[in-house]
Amino acid sequence: FVLNSAFCPLGPILLVLLLQSTQRQHNSNRVMVTSVIFVFFCVLLSLRDRVFAQKCVNATFRSISGSSPARPSEACDADSPFVVNKSSCMYFGQRLSLSRFYDAFPRDVFFPIAPNVENLEGEEYVAATREQVDEGARTIESFLRCGQPFSVLGGGHGNAGASVVMGRRLLNTQFFEYTSSDLDDDVLYNGVWDGQQDVGTVTVGAGTMSGLAMFTDGWTDVALPVGQTPSVGISGLTLGGGFGFLTRFGGLLCDRMKSLTAIVPSTPEGNIVTVTKDNEYADLFWASCGGGGGNFAVVTEFQFNPIQACQWDDDTETCTVLKLHLELIATVETVMHYQEWSIKMSTRITPNLIVKNATHVLIEGIFLGDKSMWKIAVEMSGVSESTPITSTDLLGSVVEMTFPKAVDSLTDWNPKPDPSEMLESFRGEERTYWKYKSLFLFEPLPAEAIQILVEEAMHFEKNYKSKKNKVVFEFQALGGNPGKPGDDDNYPDWSPKNMFSSVSPKDTAFPHRGALHCLTLKSEAFMLVSGGLATRLLTQMEAVYDRIEPFVRGKASYYNYVDPNLPLETPYFQNGVELNPGVEDRNYWINRLRETKSKYNPMDMLGNPLGIDMTSTEKSEAAGLDSSGAPIPSNYLASSAFMVLLTGYLFFQTTHASAIFLQHYVRWRSKRE
C-alpha cells in the first residue's frame with residue numbers, strides 16, 4: 001500500500017529533481033524513460049493486487065458455499081470457514097464500511113449464511129433459498145450463544161461507519177438477499193390509485209440491496225419507496241425511516257412495513273421472533289420504524305406493502321408516470337419559492353431541489369399520474385408566469401415514461417438490470433470519502449440562509465471543478481397536504497393523502513412528521529491526498545452547516561445520517577419534537593427507545609457506538625464513547641493517524657534510501673564519463 005500509494009507516483013519526480021540538482025540535464029530524458037517504466041510496473045503491481053484480492057474473495061466464498069451449513073460450534077470458532085479473521089487475505093476488504101473516513105478493525109467477520117457462487121462470478125443471479133435463510137437465522141442464534149459483543153453490517157452505507165466497531169465481532173448479513181411477492185390483482189387493478197391500499201406483500205431479505213428490492217420479481221407497476229442509491233442495504237434504510245422520490249405519496253419505507261423477522265439478544269440462547277404492530281412484540285415493531293439499526297435486534301427478513309407506482313391503461317396497454325426535470329437559475333428567490341411551492345404541490349410528486357452549482361438549481365421528481373392530472377396539480381399549486389417557478393416551466397419540463405425508466409433517468413442507475421450485474425457492481429463499489437449532515441425544516445429556511453447556500457455553491461464550484469469531488473446541498477420535500485378535505489377523508493384524485501405527514505408522530509419511532517423538508521449537505525471526494533482534498537471538503541461542508549444551523553428552528557436531524565460530531569440521541573429524538581402536532585413530552589421517543597432496548601438488548605451485546613441507551617459510563621466506554629456521551633473517534637481517527645505516521649515514516653526512509661542510492665549512482669556515472 002505504501003509503495004503503490006506514495007513511492008510509485010512520487011519516485012519518478014524525485015529522480016528527475018535529484019538529477020537536475022546535479023546539473024546534468026542531458027541525462028533527464030533517460031531518467032524520464034526510466035520513470036515511465038517505473039510507473040508502468042507500479043500500475044501492474046496495483047492491478048495484480050486487485051486481481052489477487054478478488055480471487056481471494058471468490059475462493060473464500062466458494063469454499064464457504066461448498067461447505068455444509070454452519071454448525072453452532074462454528075459461530076464461536078475462529079477457524080470456521082464462515083469466519084474471516086485478521087489472518088485472512090480478505091479481512092481488510094470485508095471489514096470496511098463504504099465511507100473511507102471510517103476504518104475500524106473488528107475482531108473478525110462472521111457470515112451466518114453462505115453466498116451463491118453464481119452471484120460472485122457474475123453469472124445468473126441466484127437468491128438465497130428458504131432453507132438457507134432459516135438455517136442462517138438458527139446460525140445467528142448460535143452466534144449469540146458465544147456471548148461476545150458484536151455489531152451488524154448490512155449494506156455498509158452507514159453515514160458514520162457505526163456498523164463496524166473496533167474490537168467487536170462483525171456479523172455480516174449481506175447474503176440474506178432474496179425477494180418474493182404475493183400481490184392482489186383485484187386490489188392492484190381496481191381503478192383506485194392513492195397509495196393507501198394494501199396491494200399485497202413483498203418479502204425482502206435483510207441483506208438485499210434496495211435496488212433489487214424496489215422492483216421485486218420484475219414488477220414494474222409496484223415498487224417500494226426506497227432512496228436514490230441502489231446499493232444501499234434495505235435493513236439500515238428501513239430501520240432508520242427511509243425517504244426518497246415517493247415519500248409524500250407512499251410514506252417512509254418503514255411506514256410500508258407489515259412485519260419483520262428478528263433474533264433478539266435478550267436471552268443467552270437468542271429468540272427468533274416475528275414482529276408486527278399488533279402482536280406481543282409491538283414495542284419492537286414501533287422502535288424498528290425510525291429507531292435505527294444496530295440497536296435492538298438482528299433483522300433477517302422484512303415484509304412490506306408496496307406502492308402502486310403507475311396505473312395500467314387497457315386502451316394503450318401502457319403503465320406510465322411523468323418525470324420532472326427542471327433546471328433554473330440559482331437565485332435566492334427561486335429556492336425560497338421552491339420551499340413554498342413544493343408543499344402546495346400534489347402529493348403525487350415528492351419534488352427535490354438540488355443547489356447544483358454556482359449558476360443553476362435542479363428540481364426533479366416523479367409524478368404518479370398523467371398529464372391531465374399534472375396540469376390540475378400545477379394550477380392548484382399557485383404558480384403563475386410571474387413567480388420564480390412558472391407554470392410554463394413546470395408544464396414543459398415533464399416527460400411521460402415508464403416508472404422504471406423515470407427512476408433510471410433521475411438517479412443514473414438502472415432499476416431493472418441483470419441482478420448479477422448489480423450485485424457485482426455493488427461488491428466492487430469504490431469506497432469514497434463521503435459524509436452527510438441533515439436538518440429537518442419545520443418552516444421555510446430564511447433568505448439569509450439561502451444566500452449562504454448559493455454563495456457556498458459558487459465557492460465549491462470555483463475551487464473544486466470536479467464531478468467526483470463535490471459538496472451538494474439538497475432539499476428533500478416531505479410535508480404539505482394540499483388536497484386535505486374538511487372532516488371527512490375524501491381526498492381529491494389529483495392529490496391523495498400525504499402518507500408521511502398524516503402519520504401521528506407517536507405512532508412510530510420517527511418523530512418528525514411535521515417537517516416540511518429535510519435539508520441535506522453532502523460531501524464526497526475520491527482522494528485523500530492532493531492536499532487533503534477530502535478533509536478540506538468535509539471541513540468546509542461542516543462550516544456551512546455551522547452557518548446554517550442558527551437559522552433552523554428545532555435543529556433536528558435524520559438518524560440515517562447519524563453524525564459523530566453531534567451529541568448522541570438528542571438531535572434525532574429530542575430536538576424539534578415539540579414542533580410536531582400533538583407533542584408535549586420532549587423525552588417521549590428517547591425514553592421509549594431506551595425502554596425497548598433495555599428489554600431486548602439489555603447488555604448491549606449488539607452494539608452501535610452511536611446508538612440508543614448509551615448512558616452509563618461503563619456502556620459508553622465499551623461502545624467507544626467518553627463519559628459525557630461524545631463519540632471517541634477511534635473508529636477512524638486513531639487507525640488513520642497510525643497509518644499516516646507509518647506511511648510517513650516509511651516514505652521518509654524510502655526517500656532517504658533513494659537519495660543515497662542516486663547520489664552514489666551519479667558519482668559512479670561521473671567517474672565513468
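For reference, positions follow the sequence shown, starting with 1.
- Smallest separation of non-hydrogen atoms from Ser495 and Thr347: OG-N, 3.2 Å.
- More than 12 heavy atoms of other residues, nucleotides or ligands lie within 6.0 Å of NZ in Lys522, so this atom counts as buried by the packing criterion.
- Taking Glu400 as the reference, nothing meets the salt bridge (Lys or Arg N to Asp or Glu O under 4.0 Å) condition, with sequence neighbours excluded.
- Aromatic rings of Tyr436 and Phe473 (six-membered ring for Trp) have centroids beyond the 6.0 Å cut-off, not under it.
- Ion pairing between Asp563 and Lys435 holds under the 4.0 Å rule for side-chain N and carboxylate O.
- For Phe573 and Tyr559, the ring centers sit closer than 6.0 Å to each other.
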>> What verdict does the side-chain hydrogen bond (donor to acceptor under 3.5 Å, both in side chains) test give for Asn575 and Arg586, after you've listed the backbone C-alpha separation in whole Å, the side-chain angles of each residue and the deciding distance to 0.1 Å?
In response: CA-CA 8 Å; Asn575 284 0; Arg586 184 174 185 265; 3.0 Å; yes

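- A salt bridge links Asp198 with Lys258: at least one charged nitrogen is closer than 4.0 Å to a carboxylate oxygen.
- A cation-pi arrangement is present between Lys506 and Tyr588 under the rule of less than 6.0 angstrom and at most 45 degrees off the ring axis.
- Put simply, the side chain of Tyr558 does not reach to within 4.5 Å of the side chain of His512, judged on heavy atoms.
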>> Would Phe510 and Phe440 count as a ring-ring contact (aromatic ring centres under 6.0 Å, His included) here? Give the steps.
In response: CA-CA 12 Å; Phe510 185 95; Phe440 283 112; 5.7 Å; yes

Can you give me every donor-acceptor pair (side chain of residues 374-383, partner residue at least two apart or in another chain, under 3.5 Å) with its distance?
{"unit_1": "Trp374", "atom_1": "NE1", "unit_2": "Leu394", "atom_2": "O", "d": "3.2"}
{"unit_1": "Ser381", "atom_1": "OG", "unit_2": "Trp341", "atom_2": "NE1", "d": "3.2"}
{"unit_1": "Ser381", "atom_1": "OG", "unit_2": "Val378", "atom_2": "O", "d": "2.7"}

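- Between the side chains of Glu364 and Asn352, no donor-acceptor pair is found at a separation under 3.5 Å.
- Using a 4.0 Å cut-off between charged side-chain N and carboxylate O, Asp493 and Arg348 make a salt bridge.
- Using a 4.0 Å cut-off between a side-chain N of Lys or Arg and a carboxylate O of Asp or Glu, Arg547 and Glu456 qualify as a salt bridge.
- For Glu584, the CD atom sits in a loose shell: 12 or fewer heavy atoms of surrounding residues, nucleotides or ligands are nearer than 6.0 Å.
- One finds no salt bridge joining Glu549 and Lys555 here, because no Lys/Arg side-chain nitrogen approaches an Asp/Glu carboxylate oxygen to under 4.0 Å.
- Taking OG from Ser397 and CG from Leu322, the interatomic distance works out to 11.5 Å, rounded to the nearest 0.5 Å.
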